[in-house]
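Structure first, then comments.
Below, each value reflects all heavy atoms present in this structure, side chains not excepted, and no hydrogens, waters or symmetry copies. Atoms within each ligand, like the ligands themselves, are counted from 1 in listed order.
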Amino acid sequence: MKIMAINAGSSSLKFSLIDMDNKEVLLSGVFERIGIEGSNYTLKNKDFKIRQEEELTDHYSAVKILMEKITELKIITSLEEIDGIGHRVVHGSDVYSKSVVITDKVLEDIIKFSDLAPLHNPANVLGIKAFKEALPNTPMVAVFDTAFHQTMEKKDYLYPVPIKWYEEYNVRKYGFHGTSHCYIAKRISEIKEKDNLRIISCHLGNGGSVTAIKDGKCIDTSMGFTPLAGIMMGSRSGDIDPSIIPYVMEKYGKSAGEVIDDLNKKSGFLGISEISNDTRDVLEAMADGNEKCSLAVDMFVKSVVKYIAQYYVELGGCDVIAFAAGIGENNNLIRLKIMESLAALGVIADIEANNTNREEKKISSKDSKIECWVIPTDEELMIAMDTVELIK
Ligand code: ADP
């Protein structure tokens, strides 16, 4: 079976065409700056990489080019070879706790949930509509970022605010990166050949979240009503005291929207370091003696460790701590700092094992009370696996 996994953003469209018989990525790539000057696309697989400047007026034109190229490059001989398309959809509200085949009703719901994810769901809808036009007879599946977290209990997902905010307007914790946390939990279960495990999954990318998983189910997660909550991130603040918002509005004469924008785009690593949202730049400046960068790294480590410690207690102990995504997979220094900060829980790093990056690997020493692992996450594969399950 050949499955296309899609992640559509407001001005980008990422895709992977995966042969599910051997999990080979036949073609992957990204269309960037859709509808903006300087649009381009990159297509690659194990044999080649093409980057092309091309006018992309909208998602429809990006998908049209993708469909042309995929046969032109002889990746497949006919578009009918694509058995299904899996779309990453950020918000499924509390209606979808699993991936689903996209029907008119499902699409309507995804549009309706735009209220809860105004930056993401409308973009996901664009991707769905563009593929529906290009391949009208190919089944499509929605894989929700929120779905994995739907197993949280009410006491874990409610905020201590007037309960009618929840009852009337769905104000609650949803959690995100569910596809990645689910993949990580599955991989660890496979590696350990065991389902009843207590896992703390740390997806540390430009956006980041930590999730507590018991017996394969999410019991708590750091992101909240939106992906702004939780740990410190590239340019997002993570948790702050909400009273800061009206205070800053008054001091700087900003609107609520402008302050939320600052919390989403000008905070986190960028806000503290005043250098970059990219941890690589911050670490480089830190190595040159930049104190704000060093502070940013310490604050990030602390914010992750706080959640791990909380979840350790919530889970009644922990078997595996997993590190994934941009920082988690590629940065041994930050991983080491996190592991060292967890000494009170009996975590002991294996310095040598931790020095290799980008590899699925155990990075804690044999004497460590909790195993620590790097698990390169694969959201596309997870999306494709769910798609196969549903269209079979
Ligand atoms: P996203 O959250 O956008 O999906 P990724 O999971 O790919 O992103 O993470 C991207 C981030 O990972 C970059 O912004 C950068 O901060 C971080 N990153 C990537 N490689 C490294 C590295 N070698 N060292 C430190 N940070 C890294």
Any Gly234 heavy atom less than 4.0 Å to ligand 1:
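Gly234: no contact with ligand 1 (<4.0 Å).
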
Taking [atom] as the reference point, the nearest protein heavy atom with its distance:
| atom | result |
| --- | --- |
| atom 17 (C) of ligand 1 | Ile327 CG1, 3.6 Å |
| atom 26 (N) of ligand 1 | Thr279 CB, 3.5 Å |
| atom 2 (O) of ligand 1 | Asn206 N, 3.0 Å |
| atom 15 (C) of ligand 1 | Asp278 OD1, 3.3 Å |
| atom 24 (N) of ligand 1 | Asn331 ND2, 3.1 Å |
| atom 22 (C) of ligand 1 | Arg280 CG, 3.4 Å |
| atom 12 (O) of ligand 1 | Gly326 CA, 3.2 Å |

Without hydrogens or angle criteria, can the side chains of [X] and [Y] be said to hold a donor-acceptor pair below 3.5 Å?
| X | Y | answer |
| --- | --- | --- |
| Ser28 | Ser16 | no |
| Asn354 | Asn332 | no |
| Asn206 | Asn277 | yes |
| Ser365 | Asp350 | no |

Closest by any non-hydrogen atom to atom 23 (N) of ligand 1: pick that one out of Leu204, Asn330, Leu333, Asn357.
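Nearest option to atom 23 (N) of ligand 1, by heavy atoms: Asn330.
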
Rounded distance [0.5 Å steps], CG in Asp220 versus CE in Met152:
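Atom-to-atom, Asp220:CG and Met152:CE are 6.5 Å apart.
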
Residues that Leu197 engages under side chain to side chain contact (heavy atoms under 4.5 Å, CB included), provided they are two or more places apart
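Only Ile188, Ser189, Lys192, Lys194, Ile199, Asp319 meet the side chain to side chain contact (heavy atoms under 4.5 Å, CB included) criterion with Leu197.
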
Could you list all the side chain to side chain donor-acceptor pair (under 3.5 Å) pairs where at least one residue sits in residues 137-146, not counting sequence neighbours?
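As it turns out, the side chain to side chain donor-acceptor pair (under 3.5 Å) pairs with a partner in residues 137-146, which skip direct neighbours, are Arg88-Asp145.
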
